[in-house]
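Excluded from the calculations below are hydrogen atoms, water molecules and symmetry mates; all remaining heavy atoms, backbone and side chain alike, are included.
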Amino acid sequence: MECDCTRISLRIRHPSRPAADLCRALPFAPSRTWDVGAPRTNPKGVPQPGYFAETYATFPLSESAGPPAEAVSAAAERVAPYGDRLGAWQAEGGACAFFVGWFMEGGQSGDLFDPELLGRLGIGLSLDTNSRADL
């Protein structure tokens with residue numbers, strides 16, 4: 001059986017700040033952004049009904065083989081210098097989370113996210129599990 005593959009992005013939502021402000025404040029390249037009040041589009045840019053209710057930015061941080069807890073720990077180290085900034089955005093009503101895509105070969109898999117890691121993050125953790133066939 002092949003190793004698990006983990007993809008991690010930092011996902012930020014904010015009720016009022018423009019996405020450009022979020023992007024300027026972090027050293028990571030965003031993969032998708034939108035501003036509150038902008039016309040909605042799908043990931044391919046096709047217009048959708050309505051307007052975005054909040055600002056959004058997602059920043060890919062890593063893709064690696066191995067268990068997701070190790071990858072989340074490494075991602076936490078990368079964003080740790082910006083923890084105060086992320087906390088300030090959350091205090092303004094925003095939300096910050098690691099979005100973790102976990103791709104598994106074959107049957108079932110599991111991993112342990114220890115309490116120290118989750119407490120150190122100060123941000124949410126969103127897991128998306130898939131078969132490696134979905135890559």
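Atom OG in S73 sits 9.5 Å away from atom CD1 in I8 (nearest 0.5 Å). Between atom OG of residue S62 and atom CZ of residue F98 there is a gap of 8.5 Å, rounded to the nearest 0.5 Å. Here the CG atom belonging to L10 is positioned 11.5 Å from the OH atom belonging to Y82, to the nearest 0.5 angstrom. Atom CZ of F59 sits about 6.0 Å away from atom CG of L22, to the nearest 0.5 Å. In this structure, L26 CG and R78 CZ are separated by 11.0 Å, a value rounded to the nearest 0.5 Å. Atom CG of D35 and atom CG of D21 lie 9.0 Å apart (nearest 0.5 Å).
For D84, the CG atom counts as loosely surrounded, since its 6.0 Å shell holds 12 or fewer non-hydrogen atoms of other residues, nucleotides or ligands.
The closest donor-acceptor contact from the side chain of R13 to the backbone of E54 lies at 3.5 Å or more, if one exists at all. The backbone N or O of V36 lies less than 3.5 Å from a partner atom in the side chain of T55, making a donor-acceptor pair.
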**Message:** Pair R11, Y56 - check side chain to side chain contact (heavy atoms under 4.5 Å, CB included), show working.
**Reply:** CA-CA 7 Å; R11 183 175 58 191; Y56 175 89; 3.4 Å; yes
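Nearest heavy atoms, A19 versus T33: CB-CB, 3.7 Å. For the residue pair P30 and P60, the shortest heavy atom distance occurs at C-CD, 4.4 Å. Nearest heavy-atom pair across P15 and E92 is CG-O, 3.6 Å.
Proximity of T58 to F99: side-chain heavy atoms (C-beta onward) are nowhere separated by under 4.5 Å.
One hydrophobic cluster holds both F28 and V100 under the rule that ILVMFWY side chains link at heavy-atom gaps under 4.5 Å.
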